[in-house]
2 protein chains.
Amino acid sequence: MVAALVGDPARANMLTALMNGRALTASELAQEAGITPQTASSHLSKLEAGGLVEPEKQGRHRYYRLTDDDVAGVLEGLAGLAARTGHMRVRTGPKDPALRRARICYDHLAGDLGVQMLDTMRERNLVRQKKQDIELTTEGERFLAKHLQISSEMLAHPRRPVCKACLDWSERRHHLAGTLGAAMMQRFAELKWAARDATPGSRVVNFTRTGEKQFAALFGNGKD
Amino acid sequence: MVAALVGDPARANMLTALMNGRALTASELAQEAGITPQTASSHLSKLEAGGLVEPEKQGRHRYYRLTDDDVAGVLEGLAGLAARTGHMRVRTGPKDPALRRARICYDHLAGDLGVQMLDTMRERNLVRQKKQDIELTTEGERFLAKHLQISSEMLAHPRRPVCKACLDWSERRHHLAGTLGAAMMQRFAELKWAARDATPGSRVVNFTRTGEKQFAALFGNGKD
DNA sequence: TTCATGCTTCGATGGTAGCCGAAGCATTGT
DNA sequence: ACAATGCTTCGGCTACCATCGAAGCATGAA
């Protein structure tokens with residue numbers, strides 16, 4: 001039964017931690033639930049078997065997210081019922097520094113702006129995303145050629161895909177990787193819109209004032 | 001947590017048995033869940049404390065029903081999630097004789113027709129029901145005077161209420177009791193619309209052909 | 001290669017909650 | 001009044017399952 005899965009306090013804590021749609025690593029979920037990693041591992045495999053969460057491997061991490069909105073909906077319903085009887089739970093927000101906004105992930109843009117960029121591109125049908133697979137649309141090709149002088153030929157690579165969904169560390173949502181992600185980040189640098197921070201080892205990406213404006217013009221969501 | 005309540009198999013069986021909106025007695029629920037009455041009693045008090053079910057005392061029975069549609073909705077959602085992973089449950093239907101249709105409950109009409117009558121009266125604002133309390137509206141008074149020659153004065157009684165919701169044994173939904181329920185049943189008999197079955201001890205109420213028509217004209221729901 | 005990190009599997013422990021038998025109330029019927 | 005029925009409470013038993021320590025695999029870094 002599915003309810004039994006949600007019934008356990010440890011698992012319930014994990015699930016509510018995932019309710020915002022972001023993905024969390026197994027160890028983070030363990031900490032959220034206040035249990036050791038090995039216990040969390042057991043819980044997570046059960047949740048996965050029950051179809052409530054989906055794993056995504058990223059390097060040596062395993063990110064977990066809720067399978068889909070239906071799951072989130074049912075969880076909200078349960079929370080609603082719980083709220084009526086007086087019981088309630090509160091969730092704490094994230095607690096990260098200012099590099100959440102923009103940073104380098106390998107060779108492409110990550111952080112709030114990176115996620116925002118992919119969101120907008122998806123919204124305007126520049127790319128089509130299905131799970132982890134992303135493909136560039138013809139509208140997307142036109143857009144890139146016109147505004148960023150990026151042609152499809154530049155993106156060809158023997159082993160690396162053009163587009164790839166990469167899980168964002170701070171936002172825990174996807175941003176754009178692949179040769180396109182790299183090319184766009186490189187272009188931003190060439191155009192003096194942004195540059196990696198000078199301090200060695202830092203992954204922060206600083207946007208110039210004009211760069212920020214230009215970026216917002218192309219990929220802004222109206223919230224800045 | 002609410003989910004923990006639904007998580008237990010015995011409780012889940014009880015809840016799914018209640019999903020059709022009808023009320024069941026504690027012992028019936030115990031049988032449904034395949035446990036002894038004392039275990040069921042423990043489960044039911046937990047479900048009640050969690051706000052999932054509501055009890056209603058009726059003689060020496062205790063009928064339980066789901067508190068409201070929200071609860072049913074969440075349960076359906078959970079069942080939906082469970083269905084996706086392959087697990088499913090089936091429910092069996094009722095198994096009663098033909099006296100389900102119309103019978104005497106103390107001195108008023110019960111059975112399918114009794115429930116149908118109250119439903120229709122509620123629908124047409126002849127009565128207003130809030131939980132177990134029912135009150136006659138002015139429209140209801142006019143209706144009774146016009147079609148059944150029943151006046152409010154006839155219904156007055158020192159200790160017995162005019163209207164009362166009575167839980168129907170076969171339908172497990174409310175029908176109309178109180179002095180009004182009795183007066184209406186008596187009127188049906190006087191009008192030769194219906195009469196108690198001749199065989200002694202039987203609670204069956206037989207409607208005449210014209211009585212059936214007249215009754216349907218006043219309280220029919222279009223399904224007959 | 002070797003080391004470190006993240007996660008999983010194995011084995012053992014313990015607490016919790018479901019379960020039933022027996023007794024105790026409450027309500028109804030005779 | 002007494003018995004019968006329906007349900008609850010109490011006490012003890014048992015089984016399940018969450019939990020953790022330790023060891024085993026992976027992946028990535030040096």
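Residue numbering restarts at 1 for every chain, and letters A, B, ... go by the order of the sequence lines.
Between Thr39(B) and the phosphate of dC19(C), there is no side-chain N or O to OP1/OP2 separation shorter than 4.0 Å. Here Thr36(B) does not reach the OP1 or OP2 of dC19(C): none of its side-chain N or O atoms lies under 4.0 Å away. Regarding contacts with the backbone of dT27(D), a side-chain N or O of Lys57(A) is found under 4.0 angstrom from either OP1 or OP2.
Protein atom CD of Gln58(B) is 13 Å distant from nucleotide atom C1' of dT28(C), rounded to whole Å. Distance, Gln38(B) CD to dC13(D) P: 17 Å, rounded to whole Å. In this entry the distance linking CZ of Arg62(B) with C1' of dT5(D) reads 16 Å, nearest Å. Distance CD (Gln31(A)) to P (dC20(D)): 13 Å, rounded to an integer number of Å. In this structure, CD of Glu56(A) is placed 16 Å from C1' of dG6(C), rounded to the nearest angstrom. Regarding Asp8(B), its CG atom lies at a distance of 12 Å from the C1' atom of dC16(D), rounded to whole Å. Put simply, OH on Tyr63(A) is 11 Å from C1' on dG6(C), counting in whole angstrom units. Distance, Leu29(A) CG to dT19(D) P: 14 Å, rounded to whole Å.
Nearest nucleotide to the side chain of Tyr64(A), out of dT19(D), dG18(C), dT8(C): dT8(C). Among the nucleotides dT8(D), dG18(C), dC20(D), the one closest to any side-chain atom of His43(B) is dG18(C). Side-chain atoms of Lys46(B) lie closest to dG18(C) of the nucleotides dA18(D), dT9(D), dG18(C). Considering only the side chain of Arg60(B), dT27(C) comes nearest among dC19(C), dT27(C), dA18(D).
Ring-plane geometry between Phe188(B) and Phe207(B) is classed as tilted, the angle between the planes lying from 30 to 60 degrees on a 0 to 90 degree scale.
Between Pro37(B) and Ile35(A), the residue whose closest nucleotide on DNA chain D is further toward the 5' end is Pro37(B).
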Original post:
Would His174(B) and Glu56(B) satisfy side chain to side chain donor-acceptor pair (under 3.5 Å), going step by step from the backbone distance to the final call?
Top reply: CA-CA 11 Å; His174(B) 285 142; Glu56(B) 179 174 339; 2.9 Å; yes

Subject >> side chain to side chain donor-acceptor pair (under 3.5 Å) evaluation trace for Thr39(A) with Thr36(A) >> reply: CA-CA 5 Å; Thr39(A) 306; Thr36(A) 59; 3.1 Å; yes

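Here Ala10(B) lies in heavy-atom contact (under 4.0 Å) with sugar-phosphate atoms only. Residue Leu44(B) is classed as having no contact, given no heavy-atom separation below 4.0 Å to the nucleic acid.
With Leu52(B) as the fixed residue, the side-chain contact (heavy atoms from CB on, under 4.5 Å) test singles out one of Leu66(B), Val2(B), Val74(B), Leu44(B): Val2(B).
Contact annotation: the side chain of Met14(B) never approaches that of Glu32(B) to less than 4.5 Å [non-hydrogen atoms, C-beta and beyond].
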